[in-house]
Amino acid sequence: MTRSTRFTNNTPPRGGRGILALEVDGDGAHPAAWRVTGRDPAEVLTGPRTVRVVQDAEIAGFHAVTFDDGRLAPTHGPAARLDAVQRAAHAAPATRAIGLVPVVDAVYTEPFHVATQLASLDYVSSGRAGWIVSARGLAKEGSAVGRDALPEAELGGEAADVVAANRRLWDTWEDDAVIRDRCTGRYIDRDKVHYADVQAKRFSVKGPSIIPRPLQGQLPVWAPTQFLDRSGVGDGLRLDAVHGADAVLVSAADPEALLSAATARSAGGLDADTVVAELTVVLDARGQSGAARWAELEAWEAATGGPALFAGTATELTDYLAELFTVAGGVRIHPAVLDVDAAELGHLVLPELRRAGLLAPVGPGRTFRQTLGLARPASRFATA
């Protein structure tokens with residue numbers, strides 16, 4: 001994709017609110033990325049590697065990093081992966097500003113466990129946690145944990161039920177439920193810890209959470225388009241608390257189609273701030289064009305599926321993102337080769353977008369909700 005003009009879209013940029021997230025799983029988005037890094041694939045499965053890439057993303061000015069995950073072994077690189085929530089928790093104490101957003105399954109994982117894991121992540125990160133809902137529902141994933149596969153038509157509804165249950169569990173402790181009253185020996189005010197009784201189609205949840213309410217009150221939840229469409233939130237309808245998602249992840253076959261898809265979602269009733277576009281990026285670097293680098297990777301192993309691919313210069317990508325930010329509140333970038341493309345983004349793309357006033361502020365002391373421009377909600381159980 002080639003663009004030669006600078007910020008020339010007819011629609012003025014929304015200005016100062018754009019969010020950039022960086023996917024940091026493995027060695028990169030391309031299945032052959034590990035072949036060109038010169039790194040032992042096993043090194044990817046280490047704590048120091050996780051901390052290093054997250055710290056680099058924070059220094060570069062990204063608003064968040066995301067951690068892909070799944071129960072099935074990756075088809076390339078190391079034949080294993082580390083749990084996404086654990087990777088995020090490991091990086092949390094070593095960072096101060098960047099959002100930490102793991103992909104967590106909402107079909108084959110017990111909702112209570114998801115809620116408590118994510119609440120714990122919010123505490124260890126001082127309020128910088130988020131959640132990308134996974135609802136692939138593959139039969140092999142279910143088999144790995146002794147669960148029957150769900151019909152595809154029911155995946156969205158199941159995921160929506162899990163998100164709703166988690167949000168209810170997060171609210172079971174009011175914000176001031178922990179009192180630590182030494183005089184009476186009381187740790188909590190039991191009148192401010194509430195009983196949740198969730199009866200969904202395939203599961204039930206009873207009792208309060210075992211962890212106090214997350215620091216953010218409610219973690220920001222991002223969900224794929226397919227999840228929202230299957231659960232009743234599609235074109236022409238807004239995201240709301242019933243379905244639980246704060247933003248929708250939009251994918252398309254190529255960059256032009258991605259612009260059209262994001263535009264359609266915004267025009268169809270979703271606020272642009274709730275649209276996060278998915279984009280694979282391979283940039284001109286190290287004396288090679290982005291197209292040549294991609295061809296080299298493809299010679300090792302062909303990529304199948306995945307987000308729209310942008311191959312070009314940093315300047316062209318900057319222009320494209322400026323245009324994309326007119327119809328989307330955020331972009332989740334999947335770097336073809338993590339070390340190479342993330343460095344180019346940090347050195348050449350993010351500074352230009354920030355100078356143009358297109359990116360939301362980022363820095364220590366902000367929760368992930370604040371970075372996204374979301375207010376902190378009150379507990380549904382709280383009384384005046």
Side-chain angles (χ1 to χ4, degrees), residues 14-24 47 50-67 84-102 104 115-132 167 170-171 173-180 209 211-222 246-247 271 273-274 276 325 329-333 342 345-347 349-379 382:
R14 291 158 42 258
R17 294 185 293 177
I19 300 296
L20 279 180
L22 183 72
E23 169 57 44
V24 296
T50 296
V51 169
R52 186 166 60 253
V53 297
V54 177
Q55 286 178 329
D56 287 347
E58 181 173 73
I59 292 169
F62 285 95
H63 299 87
V65 289
T66 65
F67 304 84
V85 177
Q86 292 181 10
R87 279 183 284 163
H90 185 73
T95 55
R96 299 174 59 205
I98 197 164
L100 304 169
V101 190
V104 182
T116 54
Q117 279 189 320
L118 291 171
S120 297
L121 176 61
D122 205 43
Y123 274 100
V124 75
S125 65
S126 299
R128 292 181 283 123
W131 176 20
I132 294 178
R167 290 208 181 278
W170 290 334
D171 277 348
W173 292 57
E174 294 185 38
D175 290 326
D176 54 352
V178 178
I179 55 176
R180 298 186 179 92
S209 173
I211 294 175
R213 194 167 191 241
L215 294 178
Q216 298 180 91
Q218 294 281 336
L219 274 65
V221 177
W222 291 356
D246 297 293
D271 189 291
D273 287 338
T274 67
V276 178
F325 277 136
V331 182
R332 181 189 181 201
I333 293 180
L345 288 161
H347 292 150
V349 177
L350 270 73
E352 286 298 314
L353 291 173
R354 202 165 292 284
R355 273 193 286 269
L358 298 180
L359 297 182
V362 62
R366 292 174 178 268
T367 67
F368 191 39
R369 290 189 71 90
Q370 289 172 329
T371 296
L372 296 175
L374 299 174
R376 188 182 189 280
S379 166

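None of Leu100, Thr50, Thr95 except one satisfies the side-chain contact (heavy atoms from CB on, under 4.5 Å) rule with Val65; the exception is Leu100. Just one residue in the list Ile132, Val221, Leu219 forms a side-chain contact (heavy atoms from CB on, under 4.5 Å) with Val101, and that residue is Ile132.
Between atom CG of residue Leu372 and atom CG of residue Asp246 there is a gap of 8.0 Å, rounded to the nearest 0.5 Å. Between Arg355 atom CZ and Leu350 atom CG the span is 10.5 Å, to the nearest 0.5 Å. Taking CG from Leu215 and CG from Asp175, the interatomic distance works out to 9.5 Å, rounded to the nearest 0.5 Å. Interatomic distance, Ile333 CD1 to Glu23 CD, rounded to the nearest 0.5 Å: 12.0 Å. We find the CD1-CZ distance between Ile19 and Arg332 to be 14.5 Å, quoted to the nearest 0.5 Å. The distance from atom CD1 of Ile211 to atom CH2 of Trp173, rounded to the nearest 0.5 Å, is 9.0 Å.
Side-chain atoms of Thr367 and Arg376 include no donor-acceptor pair closer than 3.5 Å.
Counted within 6.0 Å of CZ on Arg96, heavy atoms from surrounding residues, nucleotides or ligands total 12 or fewer; the atom is thus considered open.
Pro102 approaches Leu118 most closely through the heavy-atom pair CG-CD2, 4.1 Å. When every heavy atom of Ile179 is checked against every heavy atom of Asp176, the shortest pair comes out as CG2-O, 3.8 Å. Looking at every heavy atom in both residues, Phe67 comes nearest to Ala84 through O-CB, 3.5 Å. Across every non-hydrogen atom of Val362 and Arg354, the tightest pair is CG1-NH2, 3.8 Å. Contact record, Ala64 with Phe368: CB-CE1, 3.8 Å, taken as the closest heavy-atom pair. The two residues Ala97 and Gly363 have their closest heavy-atom pair at CB-C, 3.4 Å.
Using the six-membered ring where Trp is involved, Trp131 and Trp170 have ring planes that are perpendicular, over 60° apart on the 30 and 60° scheme.
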>> Checking Phe325 against Val331 for the side-chain contact (heavy atoms from CB on, under 4.5 Å) test, could you report, in this order, the C-alpha distance in whole Å, the side-chain angles of both residues, the deciding distance, and whether it holds?
In response: CA-CA 8 Å; Phe325 277 136; Val331 182; 3.9 Å; yes
> Could you go step by step and tell me if His63 and Leu359 meet the side-chain contact (heavy atoms from CB on, under 4.5 Å) rule?
Replying inline: CA-CA 9 Å; His63 299 87; Leu359 297 182; 4.0 Å; yes
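Formation of a donor-acceptor pair under 3.5 Å by the Glu174 side chain with backbone atoms of Ser379 is not found in this model.
Asp171 is linked by a side chain to side chain donor-acceptor pair (under 3.5 Å) to Arg213, Gln218, Arg380, counting only residues two or more places apart in sequence or in another chain.
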